[in-house]
Amino acid sequence: MRLGANLIIGGALFALAVIVGLLAPWLAHTDPVMDANLLNAEEPPSWIWWFGTDAQGRDIYSRVVHGARISLTVGIVSQLVNSVIGVTLGLTAGYWGGWWDDFVNGLTNLMLAIPSLIFALAIMAVLGPGLTSLLIALGLTNWSFTCRIARASTLSLKSQGYVQAAKVLGYGDLRIMITQLLPNMVGPIIVIGTLGMGGAILAEAALSFLGLGVRPPYPSWGSMLSEARDQITTAPWLSIFPGLAIFLTVLGLNLLGDGLRDILDPQSRSRRT
Amino acid sequence: MTGPPLLEVEDLRIDLNYRSSHVAAVEGVSFRIDRGETFGLVGESGCGKSITALALIGLLRQPLSIGAGAIRFDGREIQRLSAAEQRALRGNRIAMIFQEPMTALNPVSPVGRQIAEMFVLHQGKDWREANRLAVEALASVRVPAPERRVKDYPHQLSGGMRQRVMIAIALACGPDLLIADEPTTALDVTVQAEIIELMRNLCAERGTAILMISHDLGLVANVCRRVAVMYAGRIVEERGSDDIFRTSSHPYTQGLVDSLPRLGSRAALGRTRLTEIAGVVPAITDFPDGCRFNPRCARATDICRTTEPETTLLSAGGLVRCHHHA
Ligand SMILES: Nc1ncnc2c1ncn2[C@@H]1O[C@H](COP(=O)(O)OP(=O)(O)OP(=O)(O)O)[C@@H](O)[C@H]1O
Ligand code: SF4
Ligand SMILES: [Mg+2]
């Protein structure tokens with residue numbers, strides 16, 4: 001099996017982000033919040049301050065490294081919530097059909113009609129800013145694609161011999177869904193999930209940029225961008241490095257998603273075997 | 001033997017429901033299978049064999065439904081059972097194997113797990129015990145090195161091996177009845193013979209009755225003690241397998257018998273062309289009036305075109321549905 005370039009580059013970028021996030025306390029040079037020092041405010045990048053410092057003299061490198069934790073937490077947790085909601089709704093709707101299917105379809109269409117960022121904004125406005133509300137807002141608003149994929153997969157898998165066979169063997173609905181349907185749709189669900197994670201990281205950045213996400217002084221990449229916007233001409237490194245971190249992580253996730261699609265796609269899989 | 005027969009089908013009708021109307025895809029079908037007996041259902045494609053089998057296990061779904069008649073398994077009427085009671089029968093006391101061993105196994109689950117699932121589901125075993133029993137079940141269908149094979153995925157197995165796994169799954173819980181719907185059509189001839197032999201031996205050892213469904217009269221007569229021939233949704237003749245070649249009474253059965261290649265006889269000697277039954281099976285929506293076989297029947301007379309024949313008991317044993325049976 002030949003692994004695509006997408007998979008390797010994307011996987012490497014995402015792995016890098018995860019490793020940086022995990023090892024943040026050891027990789028960072030200073031404490032990202034406490035180590036403010038006005039004596040070295042707005043230093044440009046140098047051997048001492050790899051990514052420069054901000055107006056309070058905090059090390060941007062250390063803040064970007066710690067920001068990885070927040071951005072990845074938001075990306076992974078909110079996408080997990082989305083996947084669970086989307087798969088549960090899509091699988092049951094496709095399997096049972098009837099009024100439940102109509103209801104889920106209506107809900108999905110509603111979610112697709114309203115841009116999810118606007119939806120998340122509304123939820124944030126109610127819940128107030130902060131990491132927990134961010135996770136709730138992003139976790140509840142991005143399941144429609146997963147739901148559609150899960151429903152479509154269920155509809156096509158339902159007529160497969162092994163699903164029919166399971167009924168003949170006395171499997172109940174839940175057992176059929178868990179053993180016969182779910183494992184046969186994980187491929188596309190993981191692909192959508194990977195792409196969705198990138199989307200969630202971007203959404204976190206956008207919401208934090210608007211002042212609704214993670215609040216300063218805690219460093220998320222989005223909140224760093226938000227703080228840096230007034231100094232974009234005088235101290236561009238304040239925006240460049242968190243921006244680059246977002247860009248590379250989201251790019252990595254998108255490439256990874258595409259690469260995974262190539263190997264997990266049932267069609268390309270059956271071509272190989 | 002005392003007690004009710006294992007399976008008793010009485011005057012079964014299966015409706016194919018359109019918007020407001022419905023047509024009978026299967027009608028007036030009756031037969032019974034005793035414990036440990038082997039019974040065959042033969043007929044051309046589309047005559048209603050598979051939907052009859054689905055009705056037996058309570059799995060007909062719209063647009064098909066049971067219109068009339070009764071199906072009694074071990075004295076209990078299937079239609080009267082709750083969904084949960086039906087589920088407890090399926091796979092446990094009535095098992096079924098299909099035509100397509102390629103697709104009847106879950107591609108992402110090791111075969112051992114799929115066998116073990118049956119012990120967990122129907123016998124409440126824990127997974128450790130179930131996995132152990134799965135190895136035994138694989139060994140019983142003569143899969144070599146079963147303790148290694150349980151970890152294989154279906155795509156790692158040949159068609160014949162997969163069908164063995166299907167048999168292991170079907171027989172896992174020691175069912176009373178095994179329904180085999182075209183179990184070997186997808187396999188090549190030598191493998192086919194092995195699988196049939198295996199199925200027959202295992203069922204004989206365990207006293208499991210077989211309902212074998214096929215379009216191949218020769219195959220069915222070989223495996224089963226009694227054979228019912230189905231045409232356009234009706235059973236037209238039921239005979240002991242030994243009689244059916246020598247003394248079949250219904251023109252359709254006789255046509256089937258004549259279309260069989262016989263080793264050492266005509267086919268081998270004179271390479272005479274096999275007789276085929278002229279014409280095609282009528283579509284379910286326009287069965288002809290009278291006897292459904294009349295447009296294709298050489299013996300047909302006026303009464304055949306107007307009046308549906310009743311079932312006649314033959315003195316030699318068996319049943320036939322024909323005005324002019326031999
Ligand atoms: N789900 C369905 N919807 C509509 N018609 C159906 C459905 N299933 C079966 N039928 C029709 O019912 C009739 C009997 O079908 P069945 O599958 O029992 O045939 P069969 O005897 O098993 O044929 P084969 O040898 O091809 O398997 C056919 O005419 C078929 O078109
Ligand atoms: S009833 Fe008439 S048409 Fe039907 S099989 Fe007998 S002879 Fe032929
Ligand atoms: Mg069939």
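This is a predicted model, so every value here is computed, not measured. The figures here come from the full heavy-atom set of this structure, side chains too, leaving out hydrogens, waters and symmetry mates.
Aromatic ring orientation, Y153(B) versus H155(B): parallel (interplanar angle below 30°, classes split at 30° and 60°).
Screening Q163(B), R162(B), R164(B) for a side-chain contact (heavy atoms from CB on, under 4.5 Å) with M166(B), the sole residue that qualifies is Q163(B).
Annotation: residues 83-91 of chain A contacts chain B through no residue [non-hydrogen atoms, separation under 4.5 Å]. For residues 164-174 of chain A, the interface with chain B (any heavy-atom pair closer than 4.5 Å) comprises A165(A), K167(A), V168(A), L169(A), G170(A), Y171(A), G172(A), sorted by residue number.
For chain A, the option among L121(B), N92(B), I179(B), L59(B) with the highest count of heavy-atom pairs below 4.5 Å is L121(B). Of the listed residues (A172(B), P175(B), G91(B), S109(B)), the greatest number of heavy-atom pairs within a distance under 4.5 Å of chain A belongs to G91(B).
Not one N or O on the side chain of N82(A) forms a donor-acceptor pair closer than 3.5 Å with the backbone of G193(A). Looking only at distances, a side-chain donor or acceptor of N106(B) sits under 3.5 Å from a matching main-chain atom of T179(A). Looking only at distances, no side-chain donor or acceptor of Q160(A) sits under 3.5 Å from a matching main-chain atom of T103(B). Panel note: side chain S133(A), backbone M124(A); no donor-acceptor pair is recorded below 3.5 Å. Judged purely by atom type and a 3.5 angstrom limit, H122(B) uses its side chain to pair as donor or acceptor with the backbone of R90(B).
Residue Q86(B) does not touch chain A at all, counting heavy-atom pairs closer than 4.5 Å. Proximity to chain A (any heavy atom under 4.5 Å) is shown, for M96(B), by both the backbone and the side chain.
Salt bridge present: E117(B) and R175(A) bring a charged side-chain N and a carboxylate O closer than 4.0 Å. Ionic pairing of R32(B) and E37(B) is not present here: no N-O contact between side-chain nitrogen and carboxylate oxygen is shorter than 4.0 angstrom.
Scanning both residues, L41(B) and V220(B), for their nearest heavy atoms gives N-CG1, 4.3 Å.
Other residues, nucleotides and ligands contribute at most 12 non-hydrogen atoms within 6.0 Å of the CZ atom of R149(B).
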